[in-house]
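What follows is a single structure, written as structure tokens, with notes after it.
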Amino acid sequence: MTVLKVLVYPEKSLLQPSVKVDNIDDELRQLIDNMGETMFDAPGVGLAAPQVGINKRVIVYDVNARSKEDDETPEIKEEFRALINPEIISASGSTVSKEEGCLSVLDYNADVKRYEKVSIRALNLEGRKLEFNVEGIPAIIMQHEIDHLDGILFIDRISVLKRAMYKKKINKQLKNQ
Ligand code: NI
């Protein structure tokens with residue numbers, strides 16, 4: 001397994017929609033393994049393929065993300081799951097606002113409104129159709145990661161003013177490099 005380079009805003013592949021996967025082959029399985037490794041190395045709780053420069057509809061997430069937040073003991077085994085062509089088929093509950101960050105958005109966190117509960121449809125690594133409901137932290141992770149597949153970053157879901165300030169900061173940093 002290899003730790004991949006995580007691209008950061010304003011890299012192009014982060015801003016464009018990804019294509020559906022129609023073939024689950026060794027290359028894809030390799031990509032998913034590497035994405036899992038990269039996510040834990042960062043560390044993060046979710047990662048989408050466009051973040052490593054591959055515009056395919058694939059995400060990985062840390063299955064223990066919730067327990068890690070609730071639990072003081074950090075000794076939880078690293079375990080991730082991959083979803084292929086994930087979609088949100090329904091969303092419910094009041095919207096919750098939680099502070100989010102992203103491995104592709106450097107030095108910045110902001111509150112983002114998300115649905116409390118979502119129903120997800122996806123394929124697993126064996127190509128089997130899955131449908132399941134998530135709520136709380138995993139629901140936020142799913143919405144954040146699926147957004148990546150549509151070229152949307154969490155900074156696209158904050159106020160125009162906050163986004164403009166962030167972009168200004170990044171452009172300044174890029175100029176000074
Ligand atoms: Ni992200």
**Request:** Scan for ring-ring contact (aromatic ring centres under 6.0 Å, His included) pairs involving residues 154-177, sequence neighbours excluded, and state none if there are none.
**Result:** Y108-Y166

**Prompt:** Are any of the side-chain heavy atoms of V52 and K5 separated by less than 4.5 Å?
**Reply:** no

**Message:** Contact between F80 and Y61 at the side-chain level, heavy atoms closer than 4.5 Å - yes or no?
**Reply:** no

**Message:** Could you check whether any side-chain heavy atom of K56 comes within less than 4.5 Å of a side-chain heavy atom of K20, counting everything from C-beta outward?
**Reply:** no

**Request:** Using a strict cut-off of less than 4.0 Å between a Lys/Arg side-chain nitrogen and an Asp/Glu carboxylate oxygen, indicate whether D22 and R57 qualify as a salt bridge.
**Result:** no

**Atom of I32, atom of A82 and distance for their closest heavy-atom approach** = CG2-CB, 3.5 Å

**Asked** Going by heavy atoms in the side chains, are H144 and R114 under 4.5 Å from each other?
**Response** yes

**Message:** If you apply the rule side chain to side chain contact (heavy atoms under 4.5 Å, CB included), what do you find for H148 with C102, and how did you get there?
**Reply:** CA-CA 10 Å; H148 273 299; C102 178; 3.4 Å; yes

**Fill in**
Checking L130, L28, N124 against I84 for side-chain contact (heavy atoms from CB on, under 4.5 Å), the one that qualifies is L28

**Message:** Evaluate D147 against L153 for side chain to side chain contact (heavy atoms under 4.5 Å, CB included), listing each step before the verdict.
**Reply:** CA-CA 7 Å; D147 265 357; L153 300 174; over 6 Å; no

**Over all atoms of both residues, closest heavy-atom pair of D156 and G151** = OD2-O, 4.1 Å

**Message:** Taking the side chain as everything from C-beta on, heavy atoms only, tell me whether V134 gets closer than 4.5 Å to I141.
**Reply:** no

**Asked** Which atom names give the shortest non-hydrogen contact between P50 and N55, and what distance separates them?
**Response** CB-ND2, 3.6 Å

**Prompt:** Just wondering, more than 12 heavy atoms not from E79 lying within 6.0 Å of its CD?
**Reply:** yes

**Request:** For Q173, check side-chain contact (heavy atoms from CB on, under 4.5 Å) against everything at least two apart and list the hits.
**Result:** D107, K169, I170

**Qualifying ring-ring contact (aromatic ring centres under 6.0 Å, His included) pairs with a residue from residues 7-29, counting only residues at least two apart or across chains** = none

**Message:** Do N133 and K117 make a side-chain contact, defined as non-hydrogen atoms from C-beta onward lying under 4.5 Å apart?
**Reply:** no

**Prompt:** For the residue pair V3 and E37, what are the closest heavy atoms and their distance?
**Reply:** CG2-CG, 3.7 Å

**Message:** Are the side chains of M142 and I88 in contact, using a 4.5 Å heavy-atom criterion?
**Reply:** no

**Message:** In the structure I gave you, are the side-chain heavy atoms of V118 and S90 within less than 4.5 Å of one another anywhere?
**Reply:** no

